[in-house]
Amino acid sequence: MFQFSTTSAMIILFAFYGLTFLLTLRIGRRQENADSYMVSSGSVGFSMSAASMTATWIWAASFYAAASSGYKYGLSGAIHYGLWGALMILFIYPFGRRFRKLAPDAHTLAEIMHARHGSASQLMLAGSNVVGSVISLMVNFTAAGALVDILSPLSFVQGVLIAGVGVLSYTFWSGFRSSVFTDFGQLIAMVVAAVIIIPIIFFKLGGPELFEVGMVNLTPEQASFYSPTAILEQGAPFFVAVLAYAIGNQTIAQRLFAVREDLIKPSFITATIGYGSIVIGLGMLGLLALLAGVEPINGDLNNLIPQMAATYLSPIMVVLLFVMIIGSLSSTADSDLSALSSIVMTDIYGKQISKNKPNPTTMVWVGRMTMVTATTLGVIFASLKLDILSMLIFVGALWGAIVFPVIASLYWSRVTNLAFTSSVIIAFLLFVVARFELLAMTGVVAVFFEILATIGAAVVIGLMSFGFFGRRAGLVIGALFGIFLSFYSIGFLRDYIVLLASLTAYGASAFVCTLLTITSKKPPFEFKTIDERVVEFHAEQPQTMENL
């Protein structure tokens, strides 16, 4: 297999991060402004917003996990990953418009929860975001380490360290503005590389004839486009997980609060199409490897894409792929750093420590120190070398516990703080019990969790229908789907623990939240007070990014 020399690998890495750093100098030190550091003052234009959303969501998992999905599940694997990931971006925009309407000057969803319920709900949502973003950093740095380890004499740890320091170097000073500004260039590099590299590998492996001669390497399940195994083990759990990402992931919410309000819909629809097109193509690399009988080095699916590149591409093309993957994981890692900084700046320092009276300069430096701490944690945790696809589904399912309480709180005036916090805690505990099988999934216990999971499936379909077609459609479609599914789920879902646990998080949180809400005697909440309670931390606005 082809490998860069140590010198060549270092030159490419330092050139990439050095050029990115120089680009961010255009933003420079014009003005230290907390709002700009977190959400660019809510004035990002269409092209920058759509590009940033697409680049941010095309991360390490989009390469490694999409290829893993195609390799493990065959014909439908790559479709499952790319299609449902794209649907996540589309899912958020109807609810996003509601969030922006209620609190135009918000910086995080947790900040809105503080205005709606108080500190407990805010910290619960902020805490889940911190955990998710640190894990996301870990995943991206893991991808960098695997890439460098396969394609150069440098070690895995050295690759992780270079990526961590590189991303921190250009994000540290300008925060979210750096992330958005660099995303555009990184997306262009990813698109060009994908359009060139995927066809080259396809024809190197034999072109159309590969599908004829390579089918013998597929099991009957892998050869079926409608494989039940692929749907139940990959498609359905990932579908459920990514919908939770739409609500629980601050990198998504941050772009929602940053884009001009009138551009939310076109920006998110464009990002949906762009993401789906690119990632489904990337997932096909895993299918091609399966058809060609390629065995991942050390049995680690994270090594699959670097291995394919080193085996079948010319040195120039390997450089292009190298830059493409580094760009993809960097665009998401810098978004994670920006998301974490905004959470700590707003939800911890701004709301809890300074009690809505923050010092703007101190606030910005709190964000910068958060980035340093998060990068350190991400690098340390990356050494665990966990499977990227498994981590993605786990985090998304974990976030499933907050989806219904968050959305319900911003549409249903009777939802209380007790209903929110209790439903999230109970759903989280039940998710852990099911996911790690702390109780044997047999008999009455299994039936109990299958009922909750059935409710969860109805909630997922109902929320999607509600977002696009309104409340009545959401209630009717969700209820009908739940009734229909109940005839098949009882006695069946216990054999698919990942899916069972994911849906349990949705079902338990929805059931508890609804029960406590309808039995509460507290007066309805006045939604107009949310905007009054959200504090814009710095009144003076810097130059916008609308025309960048």
Side-chain angles (χ1 to χ4, degrees), residues 20 22-59 86 88-109 170-171 173-192 246 249-278 327-328 330-332 334-335 337-339 341-342 536-548:
T20 305
L22 291 175
L23 285 174
T24 61
L25 292 181
R26 178 177 173 181
I27 300 170
R29 306 184 179 186
R30 278 198 292 258
Q31 199 166 2
E32 290 199 355
N33 183 291
D35 284 334
S36 294
Y37 197 84
M38 291 186 283
V39 293
S40 195
S41 304
S43 57
V44 180
F46 168 73
S47 59
M48 293 296 289
S49 177
S52 182
M53 174 60 70
T54 306
T56 295
W57 201 236
I58 300 178
W59 58 320
M88 181 283 303
I89 302 174
L90 189 65
F91 174 74
I92 187 61
Y93 98 77
F95 297 110
R97 290 188 296 183
R98 173 68 173 175
F99 302 158
R100 285 290 293 270
K101 180 180 179 181
L102 290 175
D105 297 321
H107 307 87
T108 69
L109 272 179
Y170 71 82
T171 313
W173 189 261
S174 298
F176 179 75
R177 292 169 294 174
S178 298
S179 177
V180 172
F181 188 75
T182 56
D183 280 345
F184 190 84
Q186 290 164 344
L187 176 63
I188 297 300
M190 284 187 277
V191 170
V192 171
N249 193 327
Q250 172 62 15
T251 63
I252 307 300
Q254 197 167 23
R255 279 150 183 79
L256 173 66
F257 293 126
V259 65
R260 265 178 36 199
E261 191 168 356
D262 59 315
L263 297 176
I264 291 176
K265 181 176 181 179
S267 297
F268 277 68
I269 291 177
T270 302
T272 298
I273 297 170
Y275 173 90
S277 302
I278 295 172
S328 71
S330 297
S331 68
T332 305
D334 62 38
S335 297
L337 291 180
S338 298
S341 66
S342 67
E536 191 172 9
F537 295 110
H538 200 288
E540 189 177 354
Q541 299 298 320
Q543 179 179 334
T544 72
M545 296 188 65
E546 181 178 353
N547 298 316
L548 289 181

Which heavy atom in [X] sits nearest to a heavy atom in [Y], and how many Å separate them?
| X | Y | value |
| --- | --- | --- |
| Thr54 | Ala271 | OG1-CA, 3.3 Å |
| Ser335 | Arg255 | OG-NH2, 2.7 Å |
| Ser338 | Gln254 | O-NE2, 3.3 Å |
| Pro266 | Thr270 | O-OG1, 2.8 Å |

Listed partners of Thr251 passing side chain to side chain donor-acceptor pair (under 3.5 Å), at least two apart: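 With neighbours one apart ignored, the set is Asn249.
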Stepwise side-chain contact (heavy atoms from CB on, under 4.5 Å) check, Ser342 with Phe257: CA-CA 12 Å; Ser342 67; Phe257 293 126; over 6 Å; no
Measuring from [X]:[atom1] to [Y]:[atom2], what's the distance to the nearest 0.5 Å?
| X | Y | atom1 | atom2 | result |
| --- | --- | --- | --- | --- |
| Ile252 | Phe91 | CD1 | CZ | 12.5 Å |
| Met53 | Thr272 | CE | OG1 | 8.5 Å |
| Asp262 | Ile264 | CG | CD1 | 8.5 Å |

Name each donor-acceptor pair under 3.5 Å that joins a side chain in residues 92-99 to protein atoms two or more places apart or in another chain, with its distance.
from	atom 1	to	atom 2	distance (Å)
Arg98	NE	Leu410	O	2.8
Arg98	NH2	Leu410	O	2.9

Derivation of the side-chain contact (heavy atoms from CB on, under 4.5 Å) call for Val259 and Met48: CA-CA 9 Å; Val259 65; Met48 293 296 289; over 6 Å; no
Ser49 versus Arg260, side-chain donor and acceptor atoms under 3.5 Å: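 On atom types as modelled, these side chains do not qualify, holding no pair under 3.5 Å.
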